[in-house]
Structures are given as C-alpha cells and as structure tokens.
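Below, all heavy atoms of this structure are taken into account, side chains as well, without hydrogens, waters or symmetry copies. These numbers were taken from a predicted model, which means no experiment stands behind them.
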Amino acid sequence: MSFEPVYNAHSRALILGTWPSPKSREMAFYYGHPQNRFWPMLAALTGEPVPVREDIEAKKLIILRHGLALWDTLESCTITGASDASIKDVVPNDIAALLAKAPIEAVFCNGATAYRIYTKYLQPVSGIAAIKLPSTSPANAACRPEKLREVWAEALGPWISK
C-alpha cells in the first residue's frame, strides 16, 4: 500500500522516501514509526510545533505551508518488514504525473535506498538531479539528531517557504 503524494500548487521541493514502513502503513501516513526523526526534524526546520503522531492533518499542513511535497519512490514492491535491503519487484511511482500538477524544482531523497531507486527509475523521467540526505529512520542511529537537522537544514533550508 503506497500513499498519495502530499503537494499543492506551491510545492517546489519534493521529499522522497522509499516505501512505507509497517508502522507507517499502520498509521496510514508517512513516517509513522514513533522513533522516526522525520517529523521532529521537519518541525525544527520550519519553526512549526512537532505534530502529534496521530495528527495526519497537522503533518500535511507542515508540508503544504512551506512549499514542500512528500511522496515515496515506490508505488509497490515486495519487502520483508521494514528492511530496505530486502526490496524487490519494484514498481516506481509515476513522477511525471506529479510533475504535471506541481511546480517541483528540487528533489531530496530521505536515505540511500530512496536515492538509488530515484536515480535509477525516476530521475530519467523527471530530469531533476536529487540530493541524497541521511535517513531519518531509527535504523540510522549512527546519525545523531543534531547532525541530521544540520545536514537537512543545509540542503532543504533554502527551499522551505517561511
């Protein structure tokens, strides 16, 4: 089960994950694992309060209020649990359809797997080179929250509408 993209007519920067984790699928929205650092990190970058885990509308508003879009690289795949290393049978999302509806100018991949899938399947369609950012996943514990915010802020900061 993939999620619909979150975007509007002001979305200039697209943040791409790989595929929803079991916890995200359970929550029916992006980055639903309680230890995933995406929402606290994005709240810090935008100056917004950290949304309550279950408040999907507040999460969408953070994305939309700040000129961002959010989606995953894959429409479907076979995966074991949340292990990106086990991904096979990939079907990429239709990025051309999204680009026809939103003025996306920049793409940021949340982690190496999203970047690898984007560059192989989606960049040839979009023509937009992506920036690979460290994963916000709890599996990427080696990247401390402060470092994560610093790297994401440097790359994504100029694209965040205040």
Side-chain angles (χ1 to χ4, degrees), residues 2-21 23-24 29-33 35-48 50-51 56 58-75 77 82 84-85 87 90-162:
S2 64
F3 303 138
E4 290 297 312
V6 177
Y7 69 95
N8 64 20
H10 307 287
S11 300
R12 294 175 44 238
L14 173 61
I15 301 167
L16 286 173
T18 304
W19 174 253
S21 71
K23 288 286 185 191
S24 294
F29 199 65
Y30 300 93
Y31 306 110
H33 192 289
Q35 269 72 57
N36 192 298
R37 297 161 302 171
F38 182 81
W39 294 110
M41 186 253 335
L42 195 61
L45 298 185
T46 59
E48 298 276 353
V50 177
I56 292 169
K59 292 174 179 178
K60 287 180 182 178
L61 282 174
I62 291 174
I63 296 294
L64 300 176
R65 259 200 297 259
H66 296 283
L68 305 173
L70 181 62
W71 206 14
D72 281 323
T73 54
L74 296 177
E75 178 182 310
C77 67
D84 283 357
I87 290 175
V90 303
V91 176
N93 266 319
D94 183 3
I95 198 164
L98 177 62
L99 296 176
K101 299 175 197 168
I104 303 296
E105 299 173 38
V107 175
F108 300 88
C109 293
N110 188 350
T113 303
Y115 181 79
R116 183 176 46 77
I117 292 167
Y118 176 82
T119 55
K120 182 173 182 177
Y121 299 102
L122 303 178
Q123 185 173 332
V125 176
S126 73
I128 302 170
I131 294 172
K132 177 173 62 172
L133 294 170
S135 174
T136 59
S137 166
N140 184 22
C143 190
R144 296 168 40 87
E146 303 78 32
K147 182 66 175 172
L148 198 64
R149 276 194 303 276
E150 179 186 315
V151 174
W152 276 73
E154 185 177 324
L156 188 61
W159 294 94
I160 294 174
S161 303
K162 295 293 179 179

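Using the six-membered ring where Trp is involved, F38 and Y31 have ring planes that are parallel, under 30° apart on the 30 and 60° scheme. The aromatic rings of Y30 and F3 stand perpendicular to each other, their planes meeting at an angle above 60°, with 30° marking the opposite boundary.
In the displayed structure, E146 atom CD is contacted under 6.0 Å by more than 12 heavy atoms of other residues, nucleotides or ligands. No more than 12 heavy atoms of other residues, nucleotides or ligands lie within 6.0 Å of CD in E154, so this atom counts as exposed by the packing criterion.
Residues H66 and K162 approach most closely at ND1-CA, 4.3 Å, considering heavy atoms. Residue P40 comes nearest to V50 through the heavy atom pair CA-CG2, 4.0 Å, listed as atom of the first residue, atom of the second, then distance. When all heavy atoms of P158 and A153 are compared, the pair lying nearest together is CD-O, 3.9 Å. Of all the heavy atoms in P20 and D72, the pair that sits closest is CD-OD2, 3.3 Å. Residues L74 and S2 approach most closely at O-CB, 3.7 Å, considering heavy atoms. In this structure, R37 and R144 approach most closely via the heavy-atom pair NH1-C, 4.1 Å.
To the nearest 0.5 Å, atoms OG1 (T73) and CH2 (W19) are separated by 9.5 Å. Separating the CG atom in L156 from the CD1 atom in I15 is a distance of 5.0 Å, to the nearest 0.5 Å. How far CG of L122 is from CG of N93: 7.5 Å, rounded to the nearest 0.5 Å. To the nearest 0.5 Å, atom SG of residue C143 and atom CD of residue E150 are 9.0 Å apart. Interatomic distance, CG of L70 versus OH of Y7, reported as 13.0 Å (0.5 Å rounding). If you take NZ on K59 and CZ on F29, they are separated by 7.0 Å, rounding to the nearest 0.5 Å.
Shown here are the ring pair (Phe, Tyr, Trp, His ring centres under 6.0 Å) partners of Y115, two or more places apart in sequence or in another chain: there are none. The ring pair (Phe, Tyr, Trp, His ring centres under 6.0 Å) search around Y118 returns none, not counting sequence neighbours.
Residues T46 and R65 have side chains not in contact (no heavy-atom distance under 4.5 Å, counting atoms from C-beta outward). The shortest side-chain heavy-atom distance between P138 and N36 falls under the 4.5 Å cut-off.
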### Query
Could you go step by step and tell me if I63 and L42 meet the side chain to side chain contact (heavy atoms under 4.5 Å, CB included) rule?
CA-CA 9 Å; I63 296 294; L42 195 61; 3.5 Å; yes

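Partner of F108 under the side chain to side chain contact (heavy atoms under 4.5 Å, CB included) criterion, out of I131, L14, L68, L16: I131 alone.
Sorted by first and then second residue, the salt bridge (charged side-chain N to carboxylate O under 4.0 Å, His left out) pairs with a member in residues 110-133 form an empty list; sequence neighbours excluded.
With W39 contributing its side chain and G32 its backbone, the two residues share no donor-acceptor pair below 3.5 Å.
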